[in-house]
Structure formats: C-alpha cells, structure tokens
A.B. asks: 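Let me begin by handing over the structure; questions about it come next.
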Amino acid sequence: MSKPLVIALSKGRILKETLPLLAAAGIEPTESLSESRKLLFDTTLDDVKLIVIRATDVPTYVQLGAADIGVAGKDVLLENGAKGLYEPLDLNISRCRLMTAGVSGKAPGTSRRRVATKFVHIAKRYYASMGIQAEIIKLYGAMELAPLMDLADEIVDIVDTGNTLKANGMEPRELIADISTRLVVNKASMTMQHQRLKPLIKRLAQAVEARREGQEESA
Ligand code: AMP
C-alpha cells in the first residue's frame, strides 16, 4: 500500500471543532483522542493517519512534508509565515479577532508604545504599517496582565467574546485581522498526491458548507 496521508491537527480548542468536520468527511480516529496519551492515530480510512500537535507546530510539520495536510488557525499562519503551504479551505471554525487592547479609558500615549504579545511578527508588521513606533515584548501567555503591571502600554491578542479583557479592566482597540481555522496542504503533496487529496478536500468543503447551512437554520 502507498504511504498514508498524514493530517496534522492543532491540539486544544480547535481540535474539538475539527473532529466533527473530519467525521462528516468520512475520517474518524479509531480511538478517542482525548482519552489517549498517543500522538499518532489510525482512522477509519486505511490510508489516512492523524497526528495531534501544538497549533504552532502544525505549519512546520506541513511545510517540511512530515504531514501532508494541516489544520491551523490563521493567527498561527500569519505569525509563522505560510511558505511552502497551500491554504485551499477556510474551515470557518474557531472564529475570533486578533486585536490590540489596552487598559479601559486610558488612551495610548504619543511616545514609543510598549506592546506585549506572543504574536511578535504580526505586531511588528502591524505597528510599522500604522507608522507607530513600538517596542515589542514577547510573552508566552496571560498577555492581559502586562498593562496592569505596567510591563506594557498595550497588548496584541486574540479576542472572542471580550470577557477576558473585561475581567482584567481592559478594552479592545484596533482590529488587526479576522481569524478562523484553515486547511493547509504541503505544496509537493498537493502535486504528488493530487488524486487522493482532491476528493478529501472536496468532502471537507461540503462538510463546512453543511455546517454553515445548519447554523443558519438554527439561527
Ligand atoms: P474571550 O474572553 O472570549 O475574548 O477569549 C479570549 C481568550 O481566549 C484569548 O486570550 C485567547 O487566548 C482565547 N481564544 C479565544 N478564541 C480563540 C481561538 N479561536 N483560538 C485561540 N485562542 C482563542
């Protein structure tokens, strides 16, 4: 049998929403992902395997061809660059916004702005494009704390409901990008495995459409 297709999935919040789409496209893991410590899973299709990895590692696996396909947030793709990747499908899940935010009611000063974020590249590009001088401070989590502790004037972070910001006395300011989860494909796989990938991407696109229609009906 030919080499199995490998799909790299992002752990965490995205995974929960990805699995029903994969199932609708006929791909289901043969054991529960959450109850296992394994990272590599067989599926109901003999020639498709799943790996479950950190979201930020998904582009690397797909760029280097260790996985043929990946599921990753647009935030991760914007931050890591998407060289060597095709992005054929917006899965339309885990939607959120990448925004700047600061302490409520405290307008940013005119001098060089200190910005705490884990999205260093996105932040650098954004502030440069706005002509704002910014010192970017890399953090790995709990960005909301940085302005409260006067480590930074502003943060760049993901906002969904805005509750996390509010709970920390902060407000969203400028929208940098609307984010959703994307299907990415290794460029060489897209050519070499086209016969296998094309129907799979088509089934996923149909699953995305069916989900959208279902949501419209229940709205
Ligand atoms: P919220 O309080 O609903 O605005 O959610 C904000 C927090 O949840 C952020 O700090 C993010 O880390 C996380 N979050 C919300 N939506 C997403 C998403 N689609 N992808 C990754 N992280 C998210």
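Both ligands and their constituent atoms are indexed starting at 1 by order of listing. Scope of the values below: all heavy atoms of this structure, side chains included, with no hydrogens, waters or symmetry mates. For clarity, every value in this text was computed on a predicted model and none was experimentally measured.
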A.B. asks: If you measure from each non-hydrogen atom of I14 to ligand 1, which part falls under 4.0 Å: side chain, backbone, both or neither?
C.D. replies: neither

A.B. asks: Considering the heavy atoms of D157, write down every atom of ligand 1 situated less than 4.0 Å from one of them.
C.D. replies: 10 (O)

A.B. asks: When rounded to the nearest 0.5 angstrom, what distance separates CG in L77 from CZ in R182?
C.D. replies: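 One gets 7.5 Å once the value is rounded to the nearest 0.5 Å.
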
A.B. asks: Please verify whether a non-hydrogen atom of G73 lies at under 4.0 Å from ligand 1.
C.D. replies: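 It does not, in that no heavy atom of G73 comes within the 4.0 Å cut-off of ligand 1.
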
A.B. asks: Taking non-hydrogen atoms only, is S94 closer than 4.0 angstrom to ligand 1 via side chain, backbone, both or neither?
C.D. replies: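 For S94, the contact with ligand 1 is made by both the backbone and the side chain.
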
A.B. asks: Please list the nearest protein heavy atom to atom 3 (O) of ligand 1 with its residue and the distance rounded to 0.1 Å.
C.D. replies: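 Here the nearest protein heavy atom works out to T161 OG1, 2.5 Å.
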
A.B. asks: Checking a contact table here: which protein heavy atom is nearest atom 7 (C) of ligand 1, and how many Å away?
C.D. replies: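 It is T164 OG1, 3.8 Å.
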
A.B. asks: Does the protein put a heavy atom less than 4.0 Å from atom 12 (O) of ligand 1?
C.D. replies: no

A.B. asks: Show me which atoms of ligand 1 lie under 4.0 Å from any heavy atom of G162.
C.D. replies: 1 (P), 3 (O), 4 (O)

A.B. asks: May I ask you to identify, for R13, whether its side chain, its backbone, both or neither come under 4.0 Å of ligand 1 on a heavy-atom basis?
C.D. replies: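 Side chain only.
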
A.B. asks: Quick one: salt bridge (Lys or Arg N to Asp or Glu O under 4.0 Å) pairs with a partner in residues 147-161, sequence neighbours left out?
C.D. replies: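 Pairs touching residues 147-161 that pass the test: R113-E154, R114-D150, R114-D153, E154-R173.
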
A.B. asks: Hey, does the Lys NZ or Arg CZ of K49 hover above the aromatic six-ring of F41, less than 6.0 Å from the centre and inside 45° of the axis?
C.D. replies: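 No.
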
A.B. asks: Quick one: does L165 get an N or O within less than 3.5 Å of an N or O on ligand 1?
C.D. replies: no

A.B. asks: Rounded to the nearest 0.5 Å, what separates atom OG1 in T43 from atom CG in L5?
C.D. replies: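 Between atom OG1 of T43 and atom CG of L5 there are 9.5 Å.
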
A.B. asks: Can K124 be said to sit on top of Y126's aromatic six-ring, NZ or CZ under 6.0 Å from centre and within 45° of the ring axis?
C.D. replies: no

A.B. asks: Do me a favour and list the nearest non-hydrogen protein atom to atom 9 (C) of ligand 1 with residue, atom name and distance?
C.D. replies: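 Nearest neighbour among protein heavy atoms for atom 9 (C) of ligand 1, to 0.1 Å: I158 O, 3.3 Å.
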
A.B. asks: Using side-chain heavy atoms (C-beta onward) and a distance below 4.5 Å, is V184 in contact with L89?
C.D. replies: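 No, side chains not in contact.
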
A.B. asks: Contact between E144 and ligand 1, counting heavy atoms under 4.0 Å?
C.D. replies: yes

A.B. asks: For the 3.5 Å polar cut-off, considering only N or O atoms, please tell me whether R95 and ligand 1 meet it.
C.D. replies: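 By distance alone, the answer is no.
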
A.B. asks: Taking 4.0 angstrom as the limit and counting only heavy atoms of N163, give me the atoms of ligand 1 inside it, by number and element.
C.D. replies: 2 (O), 4 (O)

A.B. asks: Just by modelled atom types, is the N92 backbone N or O under 3.5 Å from a matching donor or acceptor in the R212 side chain?
C.D. replies: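 No, because the side chain of R212 does not come within donor-acceptor range (under 3.5 Å) of the backbone of N92.
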
A.B. asks: Does K118 pair with E79 as a salt bridge, N-O distance under 4.0 Å?
C.D. replies: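 Result for this pair is no, no salt bridge flagged.
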
A.B. asks: How does the hydrophobic cluster around V159 look, that is, which other residues are in it when side-chain heavy atoms under 4.5 Å mark a link?
C.D. replies: M99, L139, M143, L151, I155, L165, M170, L175

